[in-house]
Amino acid sequence: MGPLMHAQANILVVDDSPENLQVISAVLKQDYRVKVAINGERALALATAAEPPDLILLDVMMPGMDGYEVCARLKQNPVTARIPVLFVSSRDDEEDEARGLSLGAIDYIVKPIRPSIVQARVRNHIELKRSRDLLEQLTTQDHLTGISNRRRFDDSLVQEWQRAARTKTPVSLIAVDIDHFKAYNDHYGHPGGDQCLMEVARALAACVTRPTDLVARCGGEEFGCLLPSTDHIGASRLAEKMRAAIEALGLEHAQSSTHRHVTISLGVSTAIPQADEPAQALVDLADAALYEAKGAGRNAFVARSR
């Protein structure tokens, strides 16, 4: 692929030397959008910004927070864990390189900078990242609605449950069902049902704002929303926001005994995981709350925490 194929890729260059930043930026700025950081704190801030980098070139030897610590923090944060990191160092030592790779870096470039080598390494890793991103999207995206699928949801649930168990922080889950969806499908036909699912999915996804929050279609008319580091108050607020957003769509539902428009019922669960407790416990709690919401007349949420 030529340089034009990479014009939109974002590269973050981290180095405490303004001269080094200038040299590396000059090598890359013709083909990529380049941002720079002169210390680890600024690097972490830019990595979690609204437009995260596709690749990070990270100096090893920096005062304060060195490159190894920056890399470790990037890999510990689910928002930045998948951003490829290339270490850049003046130390051509096998032990240093091995340490960098063991922390999750994908490559190690030795100073002084050789422009053609840097360009080739960056180009190759950008291509690899785009291939991985495309493959992940194909395997974790619901084909109808475009939001995450059950596989992505299940994987993320286990990951966030384990993280919450380590950090002793709450994690919340919202189980969502479209009310009387079978009757909707029977009346409006499957094309109408598909359109309804797409609009509901879009509205639910628009309700979350944090990059760690996940909305997924879990099957049929069932959706799930995973909320790391969220207590029952925050989860309940989001559940009501979702309920109101779907009602506000105003999608006609002539066969609903709940409302003349499409509505949803929601079950909210919040827990701080106990040691060796399965993530299914959070799902069971949300399902029980959802069952209560349906029994109470639908178009509502019920929240349960422990």
Side-chain angles (χ1 to χ4, degrees), residues 133-157 160 172-227 230 235-269 280 282-284 286-303:
D133 288 350
L134 178 59
L135 180 61
E136 182 176 351
Q137 182 180 355
L138 291 172
T139 58
T140 61
Q141 186 180 61
D142 178 59
H143 71 280
L144 175 65
T145 63
I147 65 173
S148 295
N149 63 12
R150 181 61 179 264
R151 175 180 172 180
R152 170 81 186 282
F153 181 83
D154 288 344
D155 289 347
S156 298
L157 173 62
E160 295 300 342
S172 293
L173 172 63
I174 304 176
V176 182
D177 260 13
I178 301 177
D179 295 327
H180 310 294
F181 187 71
K182 185 181 184 303
Y184 188 97
N185 245 349
D186 291 343
H187 184 72
Y188 297 100
H190 286 292
D194 286 351
Q195 185 63 35
C196 173
L197 287 168
M198 287 188 283
E199 294 197 38
V200 168
R202 194 178 302 119
L204 292 176
C207 287
V208 302
T209 55
R210 300 185 309 173
T212 51
D213 296 342
L214 176 71
V215 175
R217 183 184 176 202
C218 296
E221 71 276 23
E222 302 170 4
F223 298 84
C225 181
L226 181 62
L227 304 167
T230 303
S236 295
R237 284 175 180 157
L238 180 58
E240 173 55 24
K241 181 180 178 182
M242 287 178 161
R243 187 208 64 77
I246 301 308
E247 189 171 9
L249 289 175
L251 298 175
E252 179 189 274
H253 191 344
Q255 300 301 307
S256 174
S257 57
T258 300
H259 198 289
R260 65 179 183 273
H261 295 129
V262 169
T263 58
I264 56 174
S265 297
L266 310 94
V268 183
S269 62
Q280 185 63 34
L282 191 67
V283 177
D284 292 343
D287 285 344
L290 176 60
Y291 185 79
E292 288 185 53
K294 290 181 177 181
R298 304 177 192 255
N299 190 27
F301 77 88
V302 170

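Hydrogens, waters and symmetry mates play no part in the numbers below; they use all other heavy atoms, side chains included.
Using a 4.5 Å heavy-atom threshold, the side chains of Ile264 and Phe223 count as separate. For the pair Leu173/Phe153, a side-chain contact is recorded, criterion being any heavy-atom separation below 4.5 Å from C-beta on. The shortest distance between side-chain heavy atoms of Leu197 and Ile178 falls below 4.5 Å. You'll find the side chain of Val262 stays beyond 4.5 Å of the side chain of Leu249, heavy atoms only.
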Residue pair Glu199, Leu251: steps toward the side-chain contact (heavy atoms from CB on, under 4.5 Å) verdict
CA-CA 9 Å; Glu199 294 197 38; Leu251 298 175; 3.4 Å; yes
Leu157 vs Gln280, side-chain contact (heavy atoms from CB on, under 4.5 Å): CA-CA, chis, key distance, verdict
CA-CA 9 Å; Leu157 173 62; Gln280 185 63 34; 5.9 Å; no
Hey, mind stepping through Arg202 and Thr145 against side-chain contact (heavy atoms from CB on, under 4.5 Å) and telling me if it holds?
CA-CA 8 Å; Arg202 194 178 302 119; Thr145 63; over 6 Å; no
List the steps and the verdict of side-chain contact (heavy atoms from CB on, under 4.5 Å) for Val215 and Cys225.
CA-CA 4 Å; Val215 175; Cys225 181; 3.9 Å; yes
Verdict with reasoning, Glu240 to Arg243, per salt bridge (Lys or Arg N to Asp or Glu O under 4.0 Å)
CA-CA 5 Å; Glu240 173 55 24; Arg243 187 208 64 77; 2.9 Å; yes
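The backbone N or O of Leu144 lies less than 3.5 Å from no partner atom in the side chain of Asp194, so there is not a single donor-acceptor pair. When atom types are taken as modelled, the side chain of Asn149 and the backbone of Thr139 share a donor-acceptor pair closer than 3.5 angstrom. Counting only distance, with no hydrogens or angles, the side chain of Glu247 and the backbone of Thr263 share no donor-acceptor pair below 3.5 Å. One N or O on the side chain of Ser269 and one on the backbone of Leu282 form a donor-acceptor pair closer than 3.5 Å. Not one N or O on the side chain of Ser172 forms a donor-acceptor pair closer than 3.5 Å with the backbone of Leu227.
In this structure, NE2 on His187 lies 14.5 Å from NE2 on His180, to the nearest 0.5 angstrom. Between Ile246 atom CD1 and Leu266 atom CG the span is 8.5 Å, to the nearest 0.5 Å. Here the SG-CG distance, from Cys218 to Asp154, works out to 7.0 Å after rounding to the nearest 0.5 Å. If you take NE2 on His259 and CZ on Arg298, they are separated by 14.5 Å, rounding to the nearest 0.5 Å. Rounding to the nearest 0.5 Å gives a distance of 10.5 Å between NE2 of His143 and CD of Gln141. Interatomic distance, CZ of Arg217 versus CD1 of Ile147, reported as 8.5 Å (0.5 Å rounding).
Partners of Ser156 under the side-chain hydrogen bond (donor to acceptor under 3.5 Å, both in side chains) rule, at least two apart in sequence or in another chain, do not exist in this structure. Annotation: ring-ring contact (aromatic ring centres under 6.0 Å, His included) contacts of His253 (sequence neighbours excluded): Tyr184.
Looking at every heavy atom in both residues, Cys196 comes nearest to Phe181 through SG-CE1, 4.0 Å. In this structure, Leu226 and Glu160 approach most closely via the heavy-atom pair CD2-CG, 3.9 Å. Minimum heavy-atom separation, Ser236 to Val268: N-CG1, 4.4 Å.
Atom OH of Tyr291 has 12 or fewer heavy atoms from other residues, nucleotides or ligands within 6.0 Å. Counting heavy-atom neighbours within 6.0 Å of Lys241 NZ, excluding the residue itself, gives a total above 12. The neighbour count for Arg210 CZ, taken as heavy atoms of other residues, nucleotides or ligands under 6.0 Å away, is above 12.
In summary, the side chains of Asp177 and Ser265 do not present any donor paired with an acceptor at a separation below 3.5 Å, with no hydrogens or angles considered.
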